[in-house]
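To start, the structure itself, in structure tokens.
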Amino acid sequence: MLQVSVLRNDPQWAKERLILKGFSQPELVDTIISLDDQRKKTQNEFDHNQSQVNLASKQIGGLMAKGQTQEAEALKATVAQLKTTLDPLKESMQQIEKQLHDTLVLLPNLPGALVPAGKSAEDNEVVREGGLRKELPANAQPHWDLINQYRLVDFETGAKITGRGFPLYIGKGAKLQRSLVQYFLDYNTAAGYTEYLPPFMVNEASAFATGQLPDKEGQMYFMEADQFYLIPTAEVPVTNIYRDTIVKEEELPIKMTAYSPCFRREAGSFGKDVRGLNRVHQFEKVEIIQIVAPSLSYQVLDEMVAHVEKLIQSLELPYRILRLCGGDMGFASALTYDFEVFSAAQERWLEVSSVSNFESFQTNRMKCRYKDAQGKMQFTHSLNGSSLALPRILACLLENHQTEAGIEIPKVLQPYFGQEIITLP
RNA sequence: GGAGAGAUGGCAGAGUGGUCGAUCGCGGCGGUCUUGAAAACCGUUGACUGUUAAAGGUCCGGGGGUUCGAAUCCCUCUCUCUCCGCCA
């Protein structure tokens, strides 16, 4: 959620930034400022009357104590009179505040200075490429064929148990998933991130705080009976650890990592690029999250990008890093870098990580603040990234490391997986 | 699911209708003393809103009610703890 003060400060600039993000109603900025004016005006009037009521009530107390009941009764009558003006004022104040909040919440975060203009994925900027594309055997295959031959994942049975998009991992496939999760968590904790295992369902307040609500309402699974949402990413429960808290400056930066399954309805996005593990309703992911002082957030963003980059390098995969353009960024983000790994057999890039700085967009919704050196209350900044998302990494590992002899396991994973190569069953 | 107890400022914990936004303690900050530190002593220390700055207003888990006046009384919801039941 944006701060009204930011919009007031330079409405024209704010509108331009919103347009860069592809937001279709920049005029809401003016609506918000005018609502805020109304709010101030109404509140002022209300406060004035309330103050008179408070004063009179105190006087009544004094008069009663002295036994001057007649004077007290007279004052009571004036208070009663004043109070009739209070209720309608309060009502309209609440109404204005709600309207203001409901409108404010519709605005996406303003894109940061580095964000390139553009409407879609084609306009993203390639920051750099890395890793080696291995020479593949002549009969190289896409992962959806490999997982069948090697008996790693069974989509049909997953569909029978639940529905399409719920893969069932089997044998070495399941173990490879588990090895990756463990490796990623160890890698993250070695870099100073504290590991959490969070709840996989969240309440409405949590889903709102990180920006999933109201923006992505239809994308989350919802448990009607208990009013819980299945998490689309560990970002939601983990970031919410710090909802409604005031942290000490010396506690910053707060570095957290968590594994979780992720549930996404992917409503409307099926039909294309959905084969195999490319897009599923349930997948595993290890997330990294930081809460930091505002002045450091972009430096931390670079650190997180470097952190994820090394992790992908260690898996010996060819990758590239993109800086997302305004139109392709998420609702809550101010700057996002996507990591894509080259899927050799599909001959296309697959997104495996997304690292973002949310600045104070989430922390304003969450009310996560700290006192700076001057003793002033400020919103912290929050950042997060996948480190890493699993099914696509699995797909890329299979495709990029397939050889005549079998699927080679990267060195760093071998201690976790327990063998160097997966051979045909 | 049933019964009981509870929810107050960073923590701990008083306060049961009228200068209570809230005693005291711990912690934090500032100071005295000290070469420095500790101890001791003194002072200070919630958030939001509003204003150039004030004043003023709001907040004692959430919502509603009673009253001239509510942290305090009533209703309701949520959560926590203890016991019972069920259960991986």
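In this text the structure is predicted, and so the values were computed from the model without any measurement. Just so we're on the same page: letters track the sequence lines, and every chain starts at 1. Every heavy atom of this structure was used, including side-chain atoms; hydrogens, water molecules and symmetry mates were not.
The same atom, P, is picked in A70(B) and in U19(B); the two are 11 Å apart, to the nearest Å. When the P atom is compared between A37(B) and G30(B), the two are found 12 Å apart, to the nearest whole Å. Atom C1' of G21(B) sits at a distance of 13 Å from the matching atom of C48(B), rounded to the whole Å. The separation of C26(B) from A14(B), taken at their C1' atoms, amounts to 15 Å, rounded to a whole angstrom. One C1' atom belongs to G2(B), the other to G85(B), and the distance between them is 8 Å to the nearest Å. Between U72(B) and G56(B), the two P atoms lie 23 Å apart (nearest whole Å). One C1' atom belongs to G27(B), the other to G10(B), and the distance between them is 8 Å to the nearest Å. A47(B) sits 16 Å from G61(B) when the C1' atoms are compared, rounded to a whole Å.
Within residues 194-205 of chain A, no residue has any heavy atom under 4.0 Å from RNA chain B.
The backbone N or O of K119(A) lies less than 3.5 Å from a partner atom in the side chain of D123(A), making a donor-acceptor pair. Panel note: side chain E316(A), backbone Q313(A); no donor-acceptor pair is recorded below 3.5 Å. At distances below 3.5 Å, at least one donor-acceptor pair connects side-chain atoms of K21(A) with backbone N or O atoms of F331(A). With hydrogens and angles disregarded, a donor-acceptor distance shorter than 3.5 Å links the side chain of H401(A) to the backbone of L315(A).
Listed pair R39(A) / U49(B) fails the phosphate criterion, with no side-chain N or O lying under 4.0 Å from OP1 or OP2. At least one side-chain nitrogen or oxygen of K83(A) sits closer than 4.0 Å to the OP1 or OP2 atom of G69(B). Put simply, N54(A) has a side-chain N or O that comes within less than 4.0 Å of OP1 or OP2 on G57(B). Distances shown here put every side-chain N or O of Q50(A) at or beyond 4.0 Å from the OP1 or OP2 atom of G56(B).
The M377(A) side chain lies nearest to C48(B) when the options are C68(B), G57(B), C48(B). Of all nucleotides listed (G46(B), C68(B), G56(B)), G46(B) comes nearest to the side chain of K371(A). Here G18(B) is the nucleotide among A47(B), G18(B), G57(B) with the atom lying nearest to any side-chain atom of S57(A).
For the pair R8(A) CZ and G50(B) C1', the interatomic distance rounds to 12 Å; values are reported in whole Å. In this structure, CD1 of I246(A) is placed 17 Å from P of U45(B), rounded to the nearest angstrom. G56(B) atom C1' lies 13 Å from atom CE of M93(A), rounded to whole Å.
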Verdict with supporting geometry, F222(A) and R265(A), side chain to side chain contact (heavy atoms under 4.5 Å, CB included): CA-CA 10 Å; F222(A) 182 60; R265(A) 295 187 62 227; over 6 Å; no
message: Only Watson-Crick and G-U wobble pairs with both distances less than 3.5 Å should count. Give RNA chain B in dot-bracket notation, marking inter-strand partners with |.
response: ((((((((.[[...)..(......]]((((((.......))))))((((......)))).[[[[[..)....]]]]])))))))....
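Contacts of I60(A) with the nucleic acid, taken as non-hydrogen atoms under 4.0 Å apart, include base atoms. In this structure, Q43(A) reaches the sugar-phosphate backbone alone: every heavy-atom distance under 4.0 Å involves primed, P, OP1 or OP2 atoms, never a base.
Heavy atoms from other residues, nucleotides or ligands lying under 6.0 Å from CD of Q3(A) number more than 12.
By the 4.0 Å N-to-carboxylate-O rule, E249(A) lies too far from K371(A) to be salt-bridged with it.
With T380(A) as reference, I291(A) is the one residue of I291(A), V292(A), T245(A), N364(A) to meet the side chain to side chain contact (heavy atoms under 4.5 Å, CB included) rule.
The cationic atom of R365(A) (NZ for Lys, CZ for Arg) lies less than 6.0 Å from the six-membered ring centre of F208(A) and within 45° of the ring axis.
If you find the closest nucleotide of RNA chain B to K40(A) and to Q94(A), the one lying nearer the 5' end belongs to K40(A).
Between F184(A) and L390(A), some side-chain heavy-atom pair lies under the 4.5 Å cut-off.
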